[in-house]
Amino acid sequence: MAMEIRQSAEDYLEAILMIKEKKGYVRSIDVANQLCVSKPSVSYATKRLRENGYISFNEDGMISLTESGMEIAAKIYKRHKVLTSIFVALGVDSEVAAEDACKIEHDLSVETFDALCKYAEENGLSTAV
């Protein structure tokens with residue numbers, strides 16, 4: 001059973017994964033910009049995430065997800081992508097769809113999310129991360 005992780009920590013892990021996917025590397029400033037938070041907030045959060053074994057830093061200060069961090073980030077990111085694609089398919093503006101996906105990706109039950117994935121696949125929407 002995985003440790004319960006707070007929504008803010010999930011947001012940080014997801015942001016790290018998204019930045020890594022886009023840029024190939026992740027710096028604290030990138031996380032601050034992605035989440036619109038201050039550098040001190042990122043320092044505090046990344047310290048906690050490192051202490052809990054979700055991320056690591058290399059000698060250049062680049063952030064990497066550990067295996068457990070990647071597991072959580074990938075789960076949340078998949079939820080984000082599936083929800084966004086469903087909302088866009090329903091006619092919601094892509095920016096609004098992404099914002100709304102962020103608001104509910106953490107609180108959705110596994111049962112509801114699995115049903116949404118099934119719906120998305122049956123309707124040719126992307127569920128790949």
With sequence neighbours left out, write down each residue that passes side-chain contact (heavy atoms from CB on, under 4.5 Å) with [X], or none if nothing qualifies.
{"X": "E51", "answer": "K47, R48"}
{"X": "Y25", "answer": "K23, R27, D30, M62"}
{"X": "S94", "answer": "V88"}
{"X": "A98", "answer": "H80, T84"}

Side chain to side chain donor-acceptor pair (under 3.5 Å) between Y77 and E21, worked out: CA-CA 11 Å; Y77 195 30; E21 202 175 78; 3.0 Å; yes
Geometric cation-pi criterion R79 and F113, 6.0 Å radius, 45° cone: yes
Using 0.5 Å steps for rounding, measure from the [atom1] atom of [X] to the [atom2] atom of [Y].
{"X": "K75", "Y": "M70", "atom1": "NZ", "atom2": "CE", "value": "15.0 Å"}
{"X": "R50", "Y": "N52", "atom1": "CZ", "atom2": "CG", "value": "10.5 Å"}
{"X": "I72", "Y": "L17", "atom1": "CD1", "atom2": "CG", "value": "12.0 Å"}
{"X": "E14", "Y": "L65", "atom1": "CD", "atom2": "CG", "value": "11.0 Å"}
{"X": "S64", "Y": "N58", "atom1": "OG", "atom2": "CG", "value": "6.0 Å"}
{"X": "N33", "Y": "I19", "atom1": "CG", "atom2": "CD1", "value": "8.0 Å"}

Partner residues of E122 under the salt bridge (Lys or Arg N to Asp or Glu O under 4.0 Å) criterion, sequence neighbours left out: K118
Pairs where residues 86-100 contributes a residue and the test salt bridge (Lys or Arg N to Asp or Glu O under 4.0 Å) is met, not counting sequence neighbours: D100-K103
Pairing residues for S56 by the side chain to side chain donor-acceptor pair (under 3.5 Å) criterion, not counting sequence neighbours: none
With S43 via side chain to side chain donor-acceptor pair (under 3.5 Å) - residues at least two apart: none
Same apolar cluster (I L V M F W Y, side chains within < 4.5 Å links), [X]/[Y]:
{"X": "V82", "Y": "L90", "value": "yes"}
{"X": "L116", "Y": "V96", "value": "yes"}
{"X": "Y44", "Y": "V26", "value": "no"}
{"X": "I29", "Y": "I63", "value": "no"}

[X] to [Y] - nearest heavy-atom pair and separation:
{"X": "E105", "Y": "D11", "result": "OE2-OD1, 4.2 Å"}
{"X": "F57", "Y": "S28", "result": "CE2-OG, 4.4 Å"}
{"X": "A9", "Y": "L49", "result": "CB-CD2, 3.9 Å"}
{"X": "S68", "Y": "G53", "result": "OG-O, 3.1 Å"}

Evaluation steps, side chain to side chain contact (heavy atoms under 4.5 Å, CB included), between I104 and L83: CA-CA 9 Å; I104 63 171; L83 292 167; 3.9 Å; yes
Evaluation steps, salt bridge (charged side-chain N to carboxylate O under 4.0 Å, His left out), between K78 and E71: CA-CA 11 Å; K78 177 174 182 166; E71 201 175 294; over 6 Å; no
Please set out all donor-acceptor pairs under 3.5 angstrom arising from side-chain atoms of residues 34-42, sequence neighbours excluded.
| unit_1 | atom_1 | unit_2 | atom_2 | d |
| --- | --- | --- | --- | --- |
| S38 | OG | S41 | N | 3.2 |
| S38 | OG | S41 | OG | 2.9 |

Flag if over 12 foreign heavy atoms under 6.0 Å of OH, Y119: no
